[in-house]
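The structure appears right after this line, and notes come after that.
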Amino acid sequence: MKQRKIPLRKSVVSGEMKPKKEMIRVTRSKEGEVSIDPTGKMPGRGAYVSIEPEEVQKAWDKQILDRVLEVKLTDEFYQELLDYVTHQKARKELFGK
């Protein structure tokens with residue numbers, strides 16, 4: 001059977017290329033609304049962050065997503081993203097692939 005190509009994405013925090021399934025997409029719409037995009041299909045400018053709580057914390061500390069998406073993000077959004085990533089990592093470890 002033919003092996004399928006695994007789509008890779010680059011993290012805006014670490015600059016590392018990883019499989020798309022190991023990343024979370026954060027999207028900014030044309031109206032300037034920023035949201036977490038678990039499907040990876042929402043329209044708008046997207047930035048990928050690895051599903052690692054340490055990487056999200058680093059993005060929060062250095063305001064990396066603010067610069068990449070060219071919008072001022074609140075601490076509440078970063079906290080929501082951190083909670084989401086922590087939950088997804090725990091699910092992955094619990095259920096595997």
Side-chain angles (χ1 to χ4, degrees):
M1 198 161 154
K2 189 176 179 183
Q3 189 137 19
R4 296 187 76 176
K5 186 177 128 192
I6 299 170
L8 298 174
R9 298 293 181 263
K10 188 175 187 176
S11 170
V12 294
V13 179
S14 66
E16 234 181 302
M17 295 290 282
K18 289 188 175 182
K20 189 176 176 182
K21 289 187 177 189
E22 294 178 18
M23 307 284 268
I24 184 69
R25 185 171 185 245
V26 179
T27 309
R28 185 197 74 213
S29 67
K30 286 184 180 179
E31 294 78 33
E33 187 179 317
V34 178
S35 57
I36 297 170
D37 181 10
T39 62
K41 296 180 181 181
M42 288 174 73
R45 172 92 173 134
Y48 286 89
V49 180
S50 181
I51 300 182
E52 294 293 331
E54 302 84 35
E55 198 164 304
V56 173
Q57 188 64 51
K58 185 176 178 183
W60 189 355
D61 294 340
K62 295 186 175 187
Q63 303 292 311
I64 293 171
L65 289 174
D66 291 37
R67 282 183 274 139
V68 171
L69 298 174
E70 299 170 348
V71 68
K72 179 69 180 133
L73 296 174
T74 63
D75 286 342
E76 289 82 26
F77 177 80
Y78 277 111
Q79 186 61 52
E80 180 186 346
L81 180 62
L82 185 61
D83 294 342
Y84 181 81
V85 166
T86 305
H87 175 76
Q88 289 299 320
K89 184 171 171 107
R91 275 190 77 201
K92 195 171 190 176
E93 288 173 359
L94 188 61
F95 297 115
K97 297 183 181 191

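Here, residue 1 is the first one in the sequence, and each next residue gets the next number.
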Do you know which two heavy atoms are closest between [X] and [Y], and how far apart they sit?
{"X": "Ala59", "Y": "Val13", "result": "CB-CG2, 3.6 Å"}
{"X": "Leu8", "Y": "Pro19", "result": "CD2-N, 3.6 Å"}
{"X": "Arg25", "Y": "Tyr48", "result": "CD-OH, 3.5 Å"}
{"X": "Asp37", "Y": "Thr39", "result": "OD1-OG1, 2.9 Å"}
{"X": "Pro53", "Y": "Val85", "result": "N-CG1, 3.7 Å"}

Could you tell me whether [X] atom [atom1] has more than 12 heavy atoms of other residues or ligands within 6.0 Å of it?
{"X": "Arg67", "atom1": "CZ", "result": "yes"}
{"X": "Leu94", "atom1": "CG", "result": "yes"}
{"X": "Lys20", "atom1": "NZ", "result": "yes"}

Between [atom1] on residue [X] and [atom2] on residue [Y], distance to nearest 0.5 Å:
{"X": "Asp66", "Y": "Tyr78", "atom1": "CG", "atom2": "OH", "value": "3.5 Å"}
{"X": "Gln88", "Y": "Lys21", "atom1": "CD", "atom2": "NZ", "value": "12.5 Å"}
{"X": "Ile36", "Y": "Glu80", "atom1": "CD1", "atom2": "CD", "value": "4.5 Å"}
{"X": "Leu69", "Y": "Ser29", "atom1": "CG", "atom2": "OG", "value": "10.5 Å"}

With a 4.5 Å cut-off on side-chain heavy-atom distances among I, L, V, M, F, W and Y, is there a chain of contacts connecting Val26 to Met42?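 No, Val26 and Met42 fall in different hydrophobic clusters.
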Do Val12 and Met17 belong together in a cluster built from hydrophobic side chains that touch within less than 4.5 Å?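 Unlinked, Val12 and Met17 end up in two clusters.
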Donor-acceptor contact below 3.5 Å, side chain Asp83 vs main chain His87: no
Tell me the salt bridge (charged side-chain N to carboxylate O under 4.0 Å, His left out) pairs involving residues 44-64, sequence neighbours left out?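 Every salt bridge (charged side-chain N to carboxylate O under 4.0 Å, His left out) pair that includes a residue of residues 44-64, provided the two are not neighbours, is Glu52-Lys89.
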Determine which pairs satisfy salt bridge (charged side-chain N to carboxylate O under 4.0 Å, His left out) with at least one residue from residues 1-11, sequence neighbours left out, and list them in order.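 Listed once each, the pairs would be none.
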What verdict does the side chain to side chain contact (heavy atoms under 4.5 Å, CB included) test give for Ser50 and Lys18, after you've listed the backbone C-alpha separation in whole Å, the side-chain angles of each residue and the deciding distance to 0.1 Å? CA-CA 8 Å; Ser50 181; Lys18 289 188 175 182; 2.9 Å; yes
Hey, does Val56 have a side-chain heavy atom less than 4.5 Å from the side chain of Tyr84? no
Which of these, Thr27, Thr74, Leu73, Leu81, sits in a side chain to side chain contact (heavy atoms under 4.5 Å, CB included) with Val34? Leu73
